[in-house]
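Have a look at the structure below before the remarks.
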Amino acid sequence: MKHITKRLFIFSALLPFLLSVLPATAVSALDDPDISHSKASLVYCVEPDVVLWSENSDMQVYPAALTKLMTAVLAAESVSSGEIGLDDYLTASAAAVNATEGNNIKIQAGECLKLRDLIGAMILAGANDAALVIAEGIAGSVSDFVASMNEKATELGMKDTVYTNPTGLHDGSMVTTASDLLLLAKYASGIQFLSELCGSIRITIDATDKSDARYIGTRNYLLSTRVSSDYYLSTANGMICGSTYEAGFCIIATAQHDGLNYIAIVLGADTTTVIKNPGVTGTDENGNTVVITPPEYKYIMNGFVEAAELLTWADKNFKYIKAVDNSTPVCQIPIKLAAEVDSVALLPEAPIELYVPVDIDRNKDIQLSWVLDSEYLTAPVKAGQRVGILTVTYKGEKIGEVPLIVKSNIIQSGGLTLLNRIEQLASTPFFKVILITIAVGTVIYVFATSVSRSRKQAAAKREFIKKNRYLGSGK
């Protein structure tokens, strides 16, 4: 039997069941996260490979700058395939520079920049000129690069995603979903260079013959307090964000805590305007209302707020528990011929850990059952001997099995063993034949002895009568 690994991830098997019996899209009766300012969102835990909560995750929306993550993936794959190196230079064409709109780092036509710096500027600052230079440098043309983006999307299973450019600038035909972006984020997280880059706060691009050194800071405010400390999340470690008027604010945010990794995706988030200071008005000498101190406004970027809410909610409301501890016996089995005991404890060969909501009712929701290979064991028995299977169920659904093993060595009793051997010998057909033979022989011997004795007695009697007759005739 295959050895059960230390952790058994429950939700990958149970999610369809749980979703069928629980409201909305949460996997438990836990309160839902406070999400109300975005079109689509989800939060996912990497280790158990499960979406913990989602809303409109299959709704097609505009991807904005999250598109650049696919651009970065294709660039990283070109490096891994040996087509280009991270420290190789790409030359910006006039076409790429002239086509640039929106965020940029002011790349000049003919300027040569390292691929790693271009990717960094694209991911951290959302530089569209860097994305276009990468596309041309990798594929030869932007159109060919976009074709590769769509091929990669298909390969990753992103069935509802269509790319039309490498930057994320609005195009009514370019769409994606939170579910598709999760596939992309999981894939990108497995590329070490990208994973590290997406968690960077700043990079420096060395001076070129057309520009001084560039200092690029991340615009992911979950990671950095450089611009604002309102959104900082200590567990956050990536990944990418951006916005357009049509798409709203979009973010793929990652976090790590207590050895668990999370991915939150928020799409189409709005921005809330709050009056920080209402300002002061007065009247001039003509009685007209004038502004003495203008009002101050605070803009709440709800994409960051809701991404942090999802990551915090997931971390707070789910955990691993030990459904089965391999140091705690779960049952006993009778044992024969043991020196000092008549039963032995059985325990799981390995622990089983479940990733579950914190509101789980352990005694009600988790059940253990077992099937033993035999009704009893016979000493001697070695510790670790497999003697059955333990089955674990969660809310009636089977989620795993683990072998049951003997807890300790059990030695044999000499006296009991001798008696057992005699008993076993007595139950054999050969021994029964011997007993029957002896019995028959005994009967024959007794019968023959009895017949012989009877004959001797009869002969003696006749001899006695004979003698008595002789004595009688002499009188």
pair [X]-[Y]: side-chain heavy atoms closer than 4.5 Å:
{"X": "D34", "Y": "V305", "value": "no"}
{"X": "T91", "Y": "Y89", "value": "no"}
{"X": "E349", "Y": "N326", "value": "no"}
{"X": "Y355", "Y": "C45", "value": "yes"}
{"X": "D88", "Y": "L115", "value": "no"}
{"X": "N317", "Y": "L52", "value": "no"}
{"X": "I251", "Y": "L222", "value": "yes"}
{"X": "D315", "Y": "L311", "value": "no"}

Counting only N and O atoms by type, is there a donor-acceptor contact under 3.5 Å from the side chain of [X] to the main-chain atoms of [Y]?
{"X": "D365", "Y": "D361", "answer": "yes"}
{"X": "K68", "Y": "T167", "answer": "yes"}
{"X": "S229", "Y": "T225", "answer": "no"}
{"X": "S374", "Y": "Y376", "answer": "yes"}
{"X": "N128", "Y": "T100", "answer": "no"}
{"X": "N104", "Y": "G102", "answer": "yes"}
{"X": "S195", "Y": "Q192", "answer": "no"}

Practice problem: Take N261 and E47 through the test side-chain hydrogen bond (donor to acceptor under 3.5 Å, both in side chains) and record every step on the way to the result. | Solution: CA-CA 7 Å; N261 293 278; E47 284 69 26; 2.7 Å; yes
Which residues satisfy the side chain to side chain donor-acceptor pair (under 3.5 Å) test with [X], sequence neighbours excluded?
{"X": "N237", "result": "T254"}
{"X": "D171", "result": "T164"}
{"X": "E83", "result": "S81"}
{"X": "R219", "result": "none"}

Quiz item: Parallel, tilted or perpendicular: which fits the ring planes of W53 and W313, with parallel below 30° and perpendicular above 60°?
Solution: perpendicular
Quiz item: Using 30° and 60° as the class limits, which term best fits the ring planes of F304 and Y231: parallel, tilted or perpendicular?
Solution: tilted
Donor on one side chain, acceptor on other, [X] and [Y], under 3.5 Å:
{"X": "T272", "Y": "N302", "value": "yes"}
{"X": "Y163", "Y": "K152", "value": "no"}
{"X": "N220", "Y": "T218", "value": "no"}

Could you grab the distance from atom [atom1] of [X] to atom [atom2] of [Y], nearest 0.5 Å is fine?
{"X": "S189", "Y": "M239", "atom1": "OG", "atom2": "CE", "value": "3.5 Å"}
{"X": "I84", "Y": "L90", "atom1": "CD1", "atom2": "CG", "value": "4.5 Å"}
{"X": "L267", "Y": "L42", "atom1": "CG", "atom2": "CG", "value": "8.0 Å"}

Quiz prompt | Set of salt bridge (charged side-chain N to carboxylate O under 4.0 Å, His left out) partners for K319, sequence neighbours left out | solution = none
Quiz item: For K276, what residues pass the salt bridge (charged side-chain N to carboxylate O under 4.0 Å, His left out) criterion, not counting sequence neighbours?
Solution: none
Over all heavy atoms of both residues, which pair between [X] and [Y] is shortest? Give the atoms and the distance, please.
{"X": "A323", "Y": "V392", "answer": "CB-CG1, 4.3 Å"}
{"X": "L30", "Y": "P357", "answer": "CD1-CB, 3.9 Å"}
{"X": "I105", "Y": "A121", "answer": "CD1-CB, 3.7 Å"}
{"X": "S343", "Y": "Q332", "answer": "OG-OE1, 3.1 Å"}

Please tabulate, for the side chains in residues 56-64, all donor-acceptor contacts under 3.5 angstrom to protein atoms that are two or more places apart in sequence or on a different chain.
unit_1 : atom_1 : unit_2 : atom_2 : d
N56    : ND2    : K39    : O      : 2.9
S57    : OG     : S179   : OG     : 3.3
D58    : OD1    : S179   : OG     : 2.9
Q60    : NE2    : D160   : O      : 3.0

Practice problem: Take Q367 and T393, measure what side-chain hydrogen bond (donor to acceptor under 3.5 Å, both in side chains) needs, and give me the verdict at the end. | Solution: CA-CA 5 Å; Q367 296 84 37; T393 59; 3.1 Å; yes
Practice problem: Might you work through the side chain to side chain contact (heavy atoms under 4.5 Å, CB included) test for V406 and I333, ending with a clear yes or no? | Solution: CA-CA 9 Å; V406 176; I333 186 172; 5.9 Å; no
Exercise. Quick one: which residue pairs count as a salt bridge (Lys or Arg N to Asp or Glu O under 4.0 Å) with a foot in residues 177-200, not counting sequence neighbours?
Key: D49-K186
Practice problem: Please lay out, stage by stage, how D230 and Y221 fare under the test side chain to side chain contact (heavy atoms under 4.5 Å, CB included). | Solution: CA-CA 8 Å; D230 293 343; Y221 299 156; over 6 Å; no
Quiz item: According to the ring pair (Phe, Tyr, Trp, His ring centres under 6.0 Å) rule, which pairs have a member within residues 115-155, sequence neighbours left out?
Solution: none
Quiz prompt | ring pair (Phe, Tyr, Trp, His ring centres under 6.0 Å) partners of Y262, counting only residues at least two apart | solution = none
Practice problem: Mind checking ring pair (Phe, Tyr, Trp, His ring centres under 6.0 Å) for H37 and listing every partner two or more places apart, or none if nothing turns up? | Solution: none
Return a table of donor-acceptor pairs under 3.5 angstrom between the side chains of residues 130-138 and protein atoms on other chains or two or more places apart.
unit_1 : atom_1 : unit_2 : atom_2 : d
E136   : OE1    : S93    : OG     : 2.5
E136   : OE2    : S93    : OG     : 3.3

Quiz item: Under 4.0 Å between a Lys/Arg side-chain N and an Asp/Glu carboxylate O for D117 and R214?
Solution: no
